[in-house]
Amino acid sequence: MSVRVRFAPSPTGFLHIGGARTALFNWLYARHTGGKFVLRIEDTDAARNTQEAVEVILGGLRWLGLAWDEGPLTGEATGPCKGERGPYFQSQRRENYERRVEALLSRDLAYRHEGAVRFRMTREPVLIEDLIVGEVRRELTDREAQDPDFVIVRSDGQPVFHLVNVVDDLEMGITHVIRGEDHLTNTARHMALFRAFGVAPPKYAHIPLILNADGSKMSKRDQGASLLAYLEEGYTPEAVVNYLCLLGWSPKDNREILAVPELIERFDLPQVLRHNARFDLAKLQWMNGEYVRALSADRFRELCVHAFARAGVDTNRFPLEYVKAALDTCQGKLRTFGEVVGYAGFYFAETIVYDPVAARKDFQPESLARLARLRAALAGLASFGAAELEAALKRVAVELGVKAGALVHPARLACTGQTAGPSLYHLLEVLGRERVIERLDRASSWRSD
RNA sequence: GACCCUAUCGUCUAGUGGUUAGGACACCACCCUUUCACGGUGGCGGCCGGGGUUCGAAUCCCCGUAGGGUCGCCA
């Protein structure tokens, strides 16, 4: 039997990082087993579902590179889809639910009550054979013991999650339900529903949840909970995928950096952990840095330009060669592209802002006097290349009887406003004589206040 | 309140009865170096607690404790 898994998000206008990982695990499992990955939109709650909200999900999955074999092609519920088991929007599957509810009603497996339809839930404990958690014997809670039945169609006629989820999984031929552990205890209801429809339930695999750094539940509003935020802050999808994989799954051989083909080859359900994991931004940043460093020069520049554009800096105002040269001095220095704006913004700023603490330290009168000597030397340089600049600076340092650092630090601050940045000599070359002289002159008139 | 899941350095994890409990991130120190980053070397740091089982428990069992989840006419 060929594997069919699905990701079934509700379009809330938001793609949770935990949801993204659920999608990833489903996708990896499908690719690993040669099965199909289905995307189904659970838009039963019409009020808060919009086309844009669906696009957020599609965009997020596409960014991560999680291509679905079946499902919507656009955010429009009545729009084009691929796959033979559609529609893939629950809002378009109304008749399926009605037909199934009728079947249950006719066999007295469900009943009408105050306008709603309720399912006759089994009173017996339900045994769940979970592929990750193992065997779970789910007993009724005290509230359920009083009335185990549950609503499957609301009095307004809208079918409820438990019903639509099961009907769709059944009709779409889903073989493995890989979802968050928050659904584990709901699974008893779902299995009972499958049995009521006369079919064996799919296999279940409940994956642990992703928690905040402090161990609390990561909800929508928490920092870093939105997948989109990582796109916006300049992370690469490869790094996010790699990091997300390592949350709740382990290749078990101490490897950390794993490319997608390798993940597909090695990922499997038995190695999924059983305990929740906390989201560690510092590790993601490190991992992203690993990927950023491995990027080609072209892709690196492209992503830098995007980051600047998002920050409102239009690098197109500058000559292409200048932009390329400027960004090339940042290669290997960044962890995320969001950082490039602060790191290399001085290349594209009219007037730079000095780090106040550094200015008090590096713009002492004696430093400014040395800077004046450096300015004179640089102004007369025949060639403004990094090698010549370095030689000139060191020559001036010798003449002044100071270490190179006594010139390097004030010069860096004067030209970039910062204490950290690209190689000084290279950034001076890129900036060019005119800008450099201009910035050295401006620094010379700096006064503490 | 009831039910379910879980528990190894701060974090992510390896470990499945005998290991000096390993790795990665973070942190600290030193080296490299024009800054930063990278890289290198070293360091700090852990089996939640208590009972068993066993010649021997991080590992198996029980009880606590803690964290998470669920018990909706939300998904």
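Proteins get letters first, then strands, A, B, ... in listed order; numbering begins at 1 in each.
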Checklist entry - What is the nucleic acid contact for A:Arg412, judged by heavy atoms within less than 4.0 Å: base, sugar-phosphate only, or nothing? => result base
Next on the checklist: Is there, by distance only and without an angle test, a donor paired with an acceptor across the side chain of A:Ser423 and the base of B:rU34 below 3.5 Å?
Outcome noted: yes
Checklist entry - With no angle test and no hydrogens, is the base of B:rA26 tied to the side chain of A:Lys283 by a donor-acceptor pair under 3.5 Å? => result no
Checklist entry - Hey, does the side chain of A:Arg189 come within less than 4.0 Å of B:rU70's phosphate (OP1/OP2), counting only N and O? => result no
Checklist entry - Touch check for A:Phe150, heavy atoms < 4.0 angstrom, all strands: base, sugar-phosphate only, or nothing? => result nothing
Item to check | Span that lies between the P atom of B:rA26 and that of B:rG39, in whole angstrom | outcome: 9 Å
Next on the checklist: Does either side chain, that of A:Asp214 or that of A:Ser216, offer a donor lying less than 3.5 Å from an acceptor on the other one?
Outcome noted: yes
Next on the checklist: So that I know where these two stand, are A:Phe308 and A:Tyr347 an aromatic pair - ring centroids less than 6.0 Å apart?
Outcome noted: no
Checklist entry - Roughly how far apart, to the nearest Å, are B:rG45 and B:rG51 at atom P? => result 26 Å
Checklist entry - What integer number of Å spans the P atoms of B:rC28 and B:rU20? => result 32 Å
Checklist entry - Using a cut-off of 4.0 Å on non-hydrogen atoms, how would the nucleic acid contact of A:Arg118 be classed: base, sugar-phosphate, or nothing? => result nothing
Item to check | OP1 or OP2 of B:rG22 under 4.0 Å from side-chain N/O of A:Arg255 | outcome: no
Next on the checklist: Roughly how many Å apart are B:rA21 and B:rU8, using the C1' atom of each and rounding to a whole number?
Outcome noted: 8 Å
Checklist entry - Nearest-Å distance, CG (A:Leu211) to C1' (B:rA7)? => result 13 Å
Checklist entry - B:rG72 phosphate, OP1 or OP2: any side-chain N/O from A:Arg143 under 4.0 angstrom? => result yes
Checklist entry - What interatomic distance, in whole Å, is found between P of B:rC12 and the corresponding atom of B:rC71? => result 26 Å
Item to check | Pi-cation contact, A:Tyr204 with A:Arg179 (under 6.0 Å, within 45°) | outcome: no
Next on the checklist: If you assign each of A:His162 and A:Val136 to its closest nucleotide in RNA chain B, which residue comes earlier from the 5' end?
Outcome noted: A:Val136
Item to check | Euclidean distance for C1', B:rC48 against B:rU65 (whole angstrom) | outcome: 7 Å
Next on the checklist: Between B:rC30 and B:rA37, how many Å separate the two P atoms, rounded to a whole number?
Outcome noted: 14 Å
Checklist entry - Can we say A:Arg93 and A:Asp43 salt-bridge, meaning some charged N sits less than 4.0 Å from an Asp/Glu carboxylate O? => result no
Item to check | A:Arg6/A:Glu70 salt bridge by N-O under 4.0 Å criterion | outcome: no
Next on the checklist: Taking atom types as they are modelled, would you say the side chain of A:Ser155 forms a donor-acceptor pair with the base of B:rC73 within the 3.5 Å cutoff?
Outcome noted: yes
Next on the checklist: Base of B:rC12, side chain of A:Tyr243 - is there a donor-acceptor contact under 3.5 Å?
Outcome noted: no
Checklist entry - Which is true for A:Glu114 with a 4.0 Å heavy-atom rule: it touches a base, it touches only sugar-phosphate, or it touches nothing? => result base
Checklist entry - What does A:Leu273 touch in the nucleic acid at a heavy-atom separation under 4.0 angstrom: a base, only the sugar-phosphate, or nothing? => result sugar-phosphate
Checklist outcome for this item: Here the distance between atom C1' of B:rU13 and atom CG of A:Leu246, to the nearest Å, is 8 Å
Item to check | Sugar-phosphate, base or nothing in reach of A:Asn186, heavy atoms under 4.0 Å | outcome: base
Next on the checklist: Check the phosphate of B:rG15 against A:Lys252, side-chain N and O only, distance under 4.0 Å to OP1 or OP2. Yes or no?
Outcome noted: yes
Checklist entry - Contact class for A:Glu144 vs. all strands (heavy atom < 4.0 Å): base, sugar-phosphate, or nothing? => result sugar-phosphate
Item to check | Atom P, compared across B:rG64 and B:rA2: separation rounded to whole Å | outcome: 12 Å
Next on the checklist: Quick check on the 6.0 Å ring-centre criterion: do A:Phe267 and A:Phe25 meet it?
Outcome noted: yes
Item to check | Sugar-phosphate, base or nothing in reach of A:Tyr425, heavy atoms under 4.0 Å | outcome: base
Next on the checklist: Regarding B:rG1, can its base be found pairing with the side chain of A:Asp142 as donor and acceptor, where the two atoms are less than 3.5 Å apart?
Outcome noted: yes
Checklist entry - Quick one: is B:rU13 close enough that its OP1 or OP2 comes under 4.0 Å of any side-chain N or O from A:His275? => result yes
Next on the checklist: So for A:Lys333 and B:rU35, does any side-chain atom that can act as donor or acceptor lie under 3.5 Å from a complementary atom in the base?
Outcome noted: yes
Checklist entry - Taking atom types as modelled, is there a side-chain donor on A:His206 or A:His183 under 3.5 Å from an acceptor on the other? => result no
Next on the checklist: If you compare every side-chain N and O of A:Ser10 against the phosphate oxygens of B:rC74 (OP1, OP2), does one of them come in below 4.0 Å?
Outcome noted: no
